[in-house]
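To start, the structure under review is shown below, and the notes come after it.
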Amino acid sequence: MIDIKFLRENPDVVRASQKGRGESVELVDQIIAIDEKKRAAISEFEALRQEQNTLSKSVGSAKGDEKTALLANAKTLADKVKAADAKRSEVEEATKVLLLQLSNLLDTDAPIGGEEDFVTIEHVGTPRDFAKDGFEPKDHVELGKLLGAIDTERGAKVAGSRSYYLTGIGALLEFALVNYAIQSALKNGFTPVIPPVLVNPAAMEGTGFLGQAAENVYRIERDDVYLVGTSEVPLAAMHMDEILPAEKLPLRYAGYSSCFRREAGTYGKDTRGIIRVHQFDKVEMFTFCKPEDAKAEHARLLQWEKDFLTAMEIPFRVIDVASGDLGSSATRKFDIEAWIPTQGAYREVTSTSNCTEFQARRLNIRYKDSEGTKALATLNGTLVAIPRMIVAILENHQNSDGTVNVPAALQPFLGLKKFELA
RNA sequence: GGAGGAUUCGCAUAGCGGCCGAGUGCGCACGCUUGGAAAGCGUGUAUAGGGAAACCUAUCGAGGGUUCAAAUCCCUCAUCCUCCGCCA
């Protein structure tokens with residue numbers, strides 16, 4: 001949610017941001033109009049209420065005929081107050097509905113355009129030359145089978161498309177990745193968290209996942225709860241309706257959880273393997289900090305993501321995601337894309353977003369220092385999303401016979417230097 | 001799933017339908033006192049909205065209702081605690 005005061009004073013900035021995202025510019029003017037109506041309705045209600053409060057007090061002390069007269073008066077006033085109150089809450093509700101539709105302001109440094117208009121910030125590492133190594137790389141599905149690590153056929157049998165089993169060294173690899181991720185997060189000052197993955201509508205709504213992203217969310221209708229698509233949701237909502245002391249900031253959490261995604265509208269996209277699945281595990285970084293520190297924190301999150309990929313010895317590139325492809329809460333987003341040899345392409349493995357005060361305002365999270373309470377900023381970033389990391393590791397570190405070398409950083413967690421054939 | 005009890009200012013509690021945005025204790029802040037500290041004394045101590053300001057309005061788990069007037073009465077829901085049932 002955008003600060004309504006900011007919007008009142010800088011409508012052009014908000015209009016430009018909406019335009020950059022390819023979203024409704026008209027919405028800004030609708031909000032300005034209804035905000036004026038809202039304030040008028042509030043004033044009217046408050047004036048009447050004040051009158052009523054005064055009158056009510058005099059009723060209490062009055063006696064006899066005087067009291068009867070006052071009561072009649074008060075009765076008509078009460079009806080007026082009721083009407084004004086109804087009008088007020090109606091307009092307030094309508095204002096909120098519109099305000100919630102408005103996306104976060106774009107960072108002025110974010111590239112403008114659609115999905116294809118990202119800016120590549122850097123390349124790290126060099127894609128391996130398999131021709132030079134003298135063999136054709138196998139894809140992760142084939143490697144997963146040879147190693148007894150991934151079983152997509154039985155996954156489909158039991159749970160439908162985009163489902164899979166991680167077995168044997170596949171499962172061990174997940175544990176190793178998670179342990180390595182948590183250990184580095186601890187080193188960087190994060191508090192490890194295992195959050196709930198089943199959350200209520202307020203948490204989902206507050207984090208902004210019931211807007212444009214709603215169709216990708218699993219909903220358990222019977223109990224009115226949702227399965228989270230990322231632990232960003234329970235981590236952000238953890239401090240919903242709270243006021244945090246300034247000296248506690250920045251607050252950094254590393255959440256490990258399963259993530260559930262409907263993947264609606266992706267028919268035919270990444271149908272092979274475990275690049276795009278309905279359920280996967282992920283370690284997510286989440287920060288609450290002062291707004292003025294958000295940019296620096298965003299850079300830190302990106303650096304920690306890069307450190308992870310580097311430790312996995314995987315070539316990657318960093319992109320600055322274009323305005324049209326940002327989530328509604330993000331002011332700016334960086335994706336890290338790992339090199340996938342059999343696709344001859346860089347594919348997204350992690351992503352970090354700066355949500356400035358947008359998400360915190362929706363969730364009613366503030367911080368307090370000596371000057372008072374203020375909005376705070378939230379940021380999130382993937383430390384490791386298991387399936388895609390497994391894909392990257394298997395494909396990049398494979399040998400001609402189908403065995404796979406284990407990155408040095410993971411060896412202590414696996415007690416292995418190499419994954420042998422099953 | 002069933003039966004009870006609870007939910008008030010950071011914490012603990014008081015609270016009669018009008019004198020309650022709300023008392024008390026603790027905690028915290030500032031001041032006095034003191035050689036210094038403790039004790040003692042005094043003052044202050046929520047959040048949001050509207051307004052240039054004085055100030056006004058709202059909030060006693062949430063939402064409805066009754067009433068001129070609700071922390072206080074009624075209804076629904078949520079959460080927590082105890083007991084019973086079931087269960088990893």
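Just so we're clear, the structure is a prediction, and the values are computed from it rather than from any experiment. In what follows, chains carry the letters A, B, and so on, assigned in the order in which the sequence lines appear, proteins first and then strands, with residues in each chain numbered from 1.
Atom pair A:Gln50:CD and B:G21:P shows a separation of 14 Å (rounding to whole Å applied). The interatomic distance linking A:Glu242 (CD) with B:A48 (P) rounds to 15 Å, in whole Å. Going from atom CD of A:Glu51 over to atom P of B:A69 covers 14 Å, rounded to whole Å. The interatomic distance linking A:Lys368 (NZ) with B:C28 (C1') rounds to 11 Å, in whole Å. Between the CZ atom of A:Arg366 and the C1' atom of B:U47 there is a distance of 6 Å, given to the nearest Å. The interatomic distance linking A:Asn200 (CG) with B:C77 (P) rounds to 18 Å, in whole Å. Atom P of nucleotide B:C56 and atom CZ of A:Arg49 are separated by 15 Å, given to the nearest angstrom. What separates CD of A:Glu44 from C1' of B:G51 is a distance of 17 Å, to the nearest Å.
The distance between the ring centers of A:Phe308 and A:Tyr180 falls below 6.0 angstrom. Note: A:Phe334 and A:His298 meet the aromatic proximity criterion, with ring centroids under 6.0 Å apart. Taking the six-membered ring for Trp and the full ring otherwise, the centers of A:His239 and A:Tyr367 sit at least 6.0 Å from each other.
Scanning both residues, A:Ile275 and A:Gln343, for their nearest heavy atoms gives CD1-NE2, 4.0 Å.
Here B:G50 is the nucleotide among B:A48, B:G50, B:G18 with the atom lying nearest to any side-chain atom of A:Arg39. In this structure, the nucleotide among B:U57, B:G50, B:C68 sitting nearest to the side chain of A:Phe45 is B:U57. Comparing B:A69, B:G50, B:A58 by their closest approach to the side chain of A:Asn53 singles out B:A58.
Between B:G63 and B:G44, the distance separating the two C1' atoms is 35 Å to the nearest Å. Across the C1' atoms, B:C83 and B:G15 are found 30 Å apart, a figure rounded to whole Å. Nucleotides B:G31 and B:C20, compared at atom P, are 32 Å apart to the nearest Å. Look at the P atom in both B:A39 and B:A29: the space between them is 12 Å, to the nearest Å. Going from the P atom of B:A54 to that of B:U59 covers 22 Å, rounded to whole Å. If you take atom C1' in B:U8 and the same atom in B:C56, they sit 24 Å apart, rounded to whole Å. Across B:G40 and B:U34, the matching C1' atoms stand 11 Å from one another, rounded to whole Å. The same atom, P, is picked in B:U7 and in B:C16; the two are 12 Å apart, to the nearest Å.
The pair A:Lys333-A:Asp325 fails the salt-bridge criterion, with no side-chain N (NZ, NE, NH1 or NH2) lying under 4.0 Å from an Asp/Glu carboxylate O. Salt bridge A:Arg300/A:Glu297: present, at least one basic N to carboxylate O contact under 4.0 Å.
Here A:Ile243 lies in heavy-atom contact (under 4.0 Å) with sugar-phosphate atoms only. Across all strands shown, A:Thr373 has heavy atoms under 4.0 Å from sugar-phosphate atoms exclusively, and none from any base. Looking at heavy-atom distances under 4.0 Å, A:Arg361 makes no contact with the nucleic acid at all. Contact annotation for A:Lys80: no contact, since no heavy-atom pair falls under 4.0 Å across all strands. Counting non-hydrogen atoms under 4.0 angstrom, A:Lys38 reaches nothing in the nucleic acid.
When each of A:Thr54 and A:Glu92 is assigned the nucleotide of RNA chain B with its nearest heavy atom, A:Glu92 is the one assigned upstream, toward the 5' end. Nearest-nucleotide positions on RNA chain B place A:Arg8 closer to the 5' end than the other of A:Arg8 and A:Ala74.
The side chain of A:Asn364 contributes no N or O atom lying less than 4.0 Å from OP1 or OP2 of B:A48. Of the side-chain N and O atoms in A:Gln52, none sit less than 4.0 angstrom from OP1 or OP2 of B:C68. In terms of phosphate contacts, A:Lys82 brings a side-chain nitrogen or oxygen within less than 4.0 Å of OP1 or OP2 of B:U66.
B:A58 and B:U47 make up a base pair, with Watson-Crick or G-U wobble contacts both under 3.5 Å. Here B:C68 sits opposite B:G18 as a Watson-Crick or G-U wobble pair (both hydrogen-bonding atom distances under 3.5 Å). The nucleotide B:G1 finds its pairing partner in B:C84, both defining distances of the Watson-Crick or G-U wobble pair being shorter than 3.5 Å. Pair check for B:G35 finds none; no Watson-Crick or G-U wobble contact set falls under 3.5 Å. B:G42 is paired with B:C30 under the criterion used here, namely a Watson-Crick or G-U wobble arrangement in which both key atom distances are under 3.5 Å. B:A12: Watson-Crick or G-U partner is B:U24, with both key distances under 3.5 Å. Across all strands shown, B:G63 forms a Watson-Crick or G-U wobble pair, both distances under 3.5 Å, with B:C75.
In this structure, A:Arg154 fails the cation-pi test against A:Tyr165, since its NZ or CZ atom is not both closer than 6.0 Å to the six-membered ring centre and inside 45 degrees of the ring normal.
Within 6.0 Å of the CZ atom in A:Phe175, the count of heavy atoms belonging to other residues, nucleotides or ligands does not exceed 12.
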